[in-house]
Structures are given as C-alpha cells and as structure tokens.
Amino acid sequence: MVRSVAILLIAVFSSVNAFAPSKTSFITQKSTTTTTSLAMADDETTTIPGIERGVSVDQDGKSNVWAIEPKMELDTTSNEDKTSSALIAVGGLAAFGVVAAGILTNLPDPTQF
C-alpha cells in the first residue's frame, strides 16, 4: 500500500512540470506578417498566398480582424444508420463488460503470496 501511494505521489509531482510556463520567450519569436491591401471578393475559395483569411490592414496601418462563419454541414445519415451505430456501441460496451468481469473474477487472491 505504501509503495502504491509513493508511486502515485511521484507521478503527481512529476506532472506539475506540465503546468509551468514555457522556457522560450514569445518576444524572441519573429513575426512574419505582410501588410498588403485586400480586395473584397465574392468567391470565398480565392486565397492570396501569405495572407490569413479574416485579417486585413487598412490605410492607417491598423489591423482589422473579422469573423468567418464556418460552412454549414448537413447530417445525411438516416435514422436507421444512427440506430445501428448505437446498437453496435452498446454491444461493444457489453462485450467489454463481460470480458472485464471474466478477467477480474479470475485474478489470483493477493493473500496467497
């Protein structure tokens, strides 16, 4: 029991490093933005290389950012497909439960060692 608590504490304290700020400074990274004027286009698939969509720079040099709405996605699966997928998922979960129960009931008794 003490061994498992010690291992758990070591794992918890070693993962604290994941929440520390990165050692690289954001100030030292170089920005590669270009300032060019953009023309409004009706076709949304037209892209200018090196220019990010939704961002432009006006005549005064101020950056303008606007939202680009995502394309709508239609759900084309039928109710029959959804039902069969749900049944497969429930069957997989039941099979996992049966296998897990079989393994857990056949484990050796730890007091025998």
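Along the sequence shown, the residues carry numbers beginning at 1. Because only heavy atoms are used, hydrogens play no part in the values below, and waters and symmetry mates are left out as well, while side chains stay in.
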*Asks:* Roughly how far, to the nearest 0.5 Å, is the NZ atom of Lys71 from the CG atom of Leu74?
*Replies:* 13.0 Å
*Asks:* If you link ILVMFWY side chains whenever their heavy atoms are less than 4.5 Å apart, which other residues fall into the same cluster as Ile103? By chain and number, please.
*Replies:*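 Grouped by the 4.5 Å side-chain rule, Val99 form the rest of the cluster around Ile103.
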*Asks:* Quick check for you: to the nearest 0.5 Å, what is the distance between Ile88 atom CD1 and Thr83 atom OG1?
*Replies:* 11.0 Å
*Asks:* Under the side chain to side chain donor-acceptor pair (under 3.5 Å) definition, can you give me all pairs with a residue in residues 89-110, not counting sequence neighbours?
*Replies:* Asp109-Thr111
*Asks:* Does anything in residues 74-93 pair up under salt bridge (charged side-chain N to carboxylate O under 4.0 Å, His left out), and if so which pairs, sequence neighbours excluded?
*Replies:*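 Pairs touching residues 74-93 that pass the test: Asp75-Lys82.
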